[in-house]
Trainee: 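Can you read through this structure? Questions will come right after.
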Number of protein chains: 2
Amino acid sequence: MNTTIYDVAREAAVSMATVSRVVNGNPNVKPATRKKVLDAIERLGYRPNAVARGLASKKTTTVGVIIPDISSIFFAELARGIEDIATMYKYNIILCNSDQNKEKEIHLINTLLEKQVDGILFLGGEITEEHAEQFKHASVPIVLAATVDENKQFPSVNIDYQQAAFDAVTELIERGHERVGFVSGPIDDPVTGYQKYTGYKEALKKHSLAFDEQLVAAGENTYDDGLEAVDRIMKADQMPTAVFAATDEMALGVIHGLQDADWRVPDDVEVIGFDNTRLATMVRPTLTTVVQPMYDIGAVSMRLLTKYMNQEDVGDHIVELPHRLEYRMSTRA
Amino acid sequence: MNTTIYDVAREAAVSMATVSRVVNGNPNVKPATRKKVLDAIERLGYRPNAVARGLASKKTTTVGVIIPDISSIFFAELARGIEDIATMYKYNIILCNSDQNKEKEIHLINTLLEKQVDGILFLGGEITEEHAEQFKHASVPIVLAATVDENKQFPSVNIDYQQAAFDAVTELIERGHERVGFVSGPIDDPVTGYQKYTGYKEALKKHSLAFDEQLVAAGENTYDDGLEAVDRIMKADQMPTAVFAATDEMALGVIHGLQDADWRVPDDVEVIGFDNTRLATMVRPTLTTVVQPMYDIGAVSMRLLTKYMNQEDVGDHIVELPHRLEYRMSTRA
DNA sequence: CTGAAAGCGCTAACAT
DNA sequence: ATGTTAGCGCTTTCAG
């Protein structure tokens, strides 16, 4: 049997209430009795039972995090930002991988709610009607991070993916390229696909360049798909002289695919990636890429969630973090 | 107010016990009444409170995972293995980053125990006396993964790091190299440093090669430290013709450092890494490396933990997974 | 400043 | 097959 607050109370010859007070740092305890209690706790090796506390107080100091895949460099970095801030605010994190699978996501939300988490951080592809329904019925605050919510009906933190893609492609165009390839994950993936795709097309249009289906390769966001994308776009009737890849990992694939086929980067083809993961400096040439502050997105979203959980006033429910281009060697100086 | 089991009981005109039975899939319920209850649950939108259940049943179906840094490729992959198996056995995971900081680790163990996790998975550097003390007093099973426990007093899953390093270095030596560099994280880190260092020295000794301090560079396990290591070891009085790096990330640094200084890999210098993270195929030349089954270590350790939690019979408390060399292009065919 | 007592929502005997 | 009844360990009024 573990020792309980009752045992401590008896040992210290006070009431449970008093023990509870000292354990919770309530100032209304005479120093002398506080000491008595502390001693008893020490002597008995008492450790408060957070489950009982949770039941009584209706707070678990635990938040649920639904993430597509913790083994992805991108999400792992985000997760670290989340965890650090959570720790700072004394929360623990229940981490769940969803693989962006809607069924799983819905199921996980339910599980987390059953576990009485104080809040949920949702990272994923997209918010569907069904997600929205769930979220609305949740009794705790929910914040989205790196997740597209068309209707902007839930608090979220993001960067402007479309604008970021637009900026990157514009940079390429302004360097004189008229044939810019686009390599991405599934186009129907809201963040890694669609938004960047739209930004890409906008940039072309803005500069009166024709859109060419042959310069587009949509794979699965992996290195190998980047590699393969090269096969496809370099076979276009008119080859691209620059490539914008939707993730750094794909960009590495593109660079190596290009090099394997004896093209030189950046001399023959310039390449820009997206995310600025640690991978970007781990290639030759190093990768020029759109900086997405992953750690910060995680940190800020967690911070936002803590505010909701404490019912603090929140300014903007939708926060958009800045992005920028980091110039490295995969583009010409 | 959320709806409780009591509300459901009233709505279905049965007792709480019966509701509890159907919620928990107890077969001793007449189909008809089961349906009545299910309907009531549906109608009320009832969602069981896991905290209350936890308090009453003394099981939370949650396990704590203490991990050095989730943003590391290596640990993220391990975490994925852990989470997948946990999900399979209906457990959730409370994920905590320790940064291998002993204070934090001890503190986290306590927090997790307070939260009444059903078990703990500990990944980290090393088990000290103090850790051991904590573990012994824990009321739940603890399994170590990718963590060195000198006294082998706790259940754990690992590969034989020393042997693996020995094998890699031996491979290099048998290819005719007499000057093999060793690049690693802090030598005093049990897994990434000491064990591999020992394996390295053993291999030299076995083949009657002299140990040369100048060929050893211990940094911080990062890409940049790999890069810098090259500066050091290539300045040795007699340069190495092969390098064994303790992690893939360092190995990438070494390869690029070498290439930046106009050495050719593998022609001038052969390189072998360690881990077989996804990075290994994301370099040119692709990296020959020691395969450490990260996902499996995570999965197996979680599986082991479930056995302890279910008080099942466990065969070996210490499991050692196999390692092997994966030959790629950073070594000559 | 301290204590008594009523739950929090559920499970687990024990009855029936 | 179903109901009754204690708790699980803690927080939280409410008194004093």
Side-chain angles (χ1 to χ4, degrees), chain A residues 1-38 40-41 44-62 90 110-111 113-118 139-140, chain B residues 1-38 40-41 44-62 90 110-111 113-118 139-140:
Chain A
M1 203 47 221
N2 257 315
T3 91
T4 75
I5 201 173
Y6 180 75
D7 301 322
V8 176
R10 191 153 31 81
E11 174 82 11
V14 298
S15 72
M16 289 166 53
T18 299
V19 177
S20 176
R21 286 189 188 97
V22 347
V23 168
N24 294 296
N26 184 317
N28 291 67
V29 180
K30 205 182 348 178
T33 74
R34 176 186 306 280
K35 176 156 183 354
K36 264 201 313 190
V37 173
L38 256 15
I41 286 177
L44 269 39
Y46 168 70
R47 172 184 291 140
N49 179 327
V51 171
R53 170 181 297 170
L55 182 58
S57 69
K58 298 183 173 307
K59 293 202 174 318
T60 54
T61 60
T62 301
K90 313 272 189 217
N110 266 300
T111 305
L113 257 17
E114 287 188 4
K115 296 229 167 166
Q116 311 298 118
V117 293
D118 294 337
S139 36
V140 299
Chain B
M1 203 48 218
N2 257 313
T3 90
T4 75
I5 201 174
Y6 180 74
D7 301 322
V8 177
R10 190 151 34 80
E11 174 81 10
V14 297
S15 73
M16 288 166 56
T18 300
V19 177
S20 176
R21 285 188 188 100
V22 348
V23 168
N24 294 296
N26 183 317
N28 290 64
V29 180
K30 202 177 358 172
T33 75
R34 175 185 307 279
K35 179 162 183 347
K36 264 200 312 189
V37 173
L38 256 15
I41 286 177
L44 269 38
Y46 168 71
R47 171 184 294 139
N49 180 327
V51 171
R53 171 181 296 169
L55 183 57
S57 69
K58 297 181 173 309
K59 291 199 175 322
T60 54
T61 61
T62 301
K90 313 272 190 218
N110 266 301
T111 306
L113 257 17
E114 287 188 4
K115 296 229 167 167
Q116 312 297 121
V117 294
D118 294 338
S139 36
V140 300

Trainee: For a quick check of understanding: with a heavy-atom distance under 4.0 Å over all strands, which category does A/Asn49 fall into, base, sugar-phosphate or nothing?
Mentor: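 If one applies the 4.0 Å heavy-atom cut-off, A/Asn49 turns out to touch the sugar-phosphate alone, with no base involved.
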
Trainee: Without decimals, in angstroms, what is the distance between A/Asn28 CG and D/dC14 C1'?
Mentor: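 Rounded to the whole Å, the gap is 15 Å.
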
Trainee: Can you figure out which of D/dT11, D/dG9, C/dG3 approaches the side chain of A/Ser15 most closely?
Mentor: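 Side chain of A/Ser15 sits closest to C/dG3.
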
Trainee: Using a cut-off of less than 4.0 Å, is there contact between a side-chain N or O of B/Ser20 and OP1 or OP2 of C/dC10?
Mentor: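 The answer is no; no side-chain N or O of B/Ser20 sits under 4.0 Å from OP1 or OP2.
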
Trainee: Rounded to the nearest 0.5 Å, what separation is found between the CG atom of B/Asn28 and the CZ atom of B/Arg21?
Mentor: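 The CG atom of B/Asn28 sits 7.5 Å away from the CZ atom of B/Arg21.
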
Trainee: Base, sugar-phosphate, or nothing for A/Val14, non-hydrogen atoms under 4.0 angstrom?
Mentor: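 Touches sugar-phosphate only.
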
Trainee: Would you indicate, yes or no, if C/dG9 has its OP1 or OP2 atom less than 4.0 angstrom from a side-chain nitrogen or oxygen of A/Lys58?
Mentor: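 Result: yes.
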
Trainee: Kindly point out which of D/dT11, C/dT11, C/dC14 is positioned nearest to the side chain of B/Arg21?
Mentor: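 The answer is C/dC14.
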
Trainee: I'd like to know if A/Arg47 reaches the base of D/dG9 with its side chain, counting only an N/O donor and acceptor under 3.5 Å.
Mentor: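 In this structure, the two groups form no donor-acceptor pair.
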
Trainee: Do B/Thr62 and A/Lys115 get their side chains close enough for a donor-acceptor pair, meaning under 3.5 Å?
Mentor: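 A/Lys115 and B/Thr62 do have a side-chain donor-acceptor pair below 3.5 Å.
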
Trainee: Ignoring hydrogens and geometry, is there a side-chain-to-backbone donor-acceptor pair from A/Asn24 to A/Asn26 under 3.5 Å?
Mentor: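 Side chain of A/Asn24 to backbone of A/Asn26, a donor-acceptor pair under 3.5 Å: no, none is there.
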
Trainee: Quick one: is B/Tyr6 getting a side-chain N or O under 4.0 Å of the C/dT11 phosphate, OP1 or OP2?
Mentor: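 Result: no.
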
Trainee: Between B/Ala52 and B/Thr18, who's closer to the 5' end of DNA chain D by nearest nucleotide?
Mentor: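 Counting from the 5' end, the first nearest nucleotide belongs to B/Thr18.
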
Trainee: Please tell me which of the listed nucleotides, C/dT11, D/dT11, C/dC10, lies nearest to the side chain of A/Ser57?
Mentor: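 For A/Ser57, the side-chain atoms sit closest to D/dT11.
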
